[in-house]
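Heads up, the thing below is written out as structure tokens.
Numbering starts at 1 and runs along the sequence shown. These numbers come from a predicted model, not from an experiment.
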Amino acid sequence: MNKIRYQKLQEIQALEFTLVELNLYLDTHPNDQKALREYNTYGKQLQKSRAQYEAMYGPLCNFGMSLSQYPFKWVEEPWPWDM
């Protein structure tokens with residue numbers, strides 16, 4: 001597999017993990033402004049990273065969660081979870 005592709009996918013996974021943890025924290029600490037700022041900052045980074053990845057390699061999600069170029073890219077392997 002392409003080393004850069006793998007690194008970008010790992011970056012996305014790390015950002016998603018961070019956001020899950022911050023989300024869980026904010027569920028019990030909704031007034032923590034610092035945590036909320038971090039959540040929003042990481043959320044923007046994730047959106048940017050996903051957009052870059054998908055522009056280079058195709059969609060990360062199906063069912064309309066990610067748009068696709070022509071021809072339909074979802075059927076091209078490897079799928080994100082196969083890497």
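Residues T18 and Y39 form no side-chain contact, since every pair of their non-hydrogen atoms from C-beta on lies 4.5 Å or further apart.
For the atom pair NZ of K48 and CD1 of I12, the computed distance is 12.5 Å after rounding to the nearest 0.5 Å.
Using bins of under 30°, 30° to 60° and over 60° for the plane-to-plane angle, the ring pair H29/Y25 lands in the parallel bin.
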Verify side chain to side chain contact (heavy atoms under 4.5 Å, CB included) between E11 and Y53, making sure each step is shown before the conclusion.
CA-CA 10 Å; E11 175 186 322; Y53 180 95; over 6 Å; no

Walk me through it: do M56 and R5 pass the test side chain to side chain contact (heavy atoms under 4.5 Å, CB included)?
CA-CA 9 Å; M56 295 172 70; R5 183 177 184 172; over 6 Å; no

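Taking every heavy atom of both residues into account, L22 and A35 meet most closely at CD2-O, 4.2 Å. For the residue pair S49 and L15, the shortest heavy atom distance occurs at OG-CD1, 3.7 Å.
With sequence neighbours left out, E16 forms a salt bridge (Lys or Arg N to Asp or Glu O under 4.0 Å) with R50. A search for ring-ring contact (aromatic ring centres under 6.0 Å, His included) contacts involving F17 returns nothing, not counting sequence neighbours.
Here the side chain of E54 pairs a donor or acceptor atom with the backbone of L60 at under 3.5 angstrom.
The neighbour count for Q33 CD, taken as heavy atoms of other residues, nucleotides or ligands under 6.0 Å away, does not exceed 12.
Tracing side-chain contacts under 4.5 Å through hydrophobic residues (I, L, V, M, F, W, Y), one never reaches L19 starting from L24; they form parts of separate clusters.
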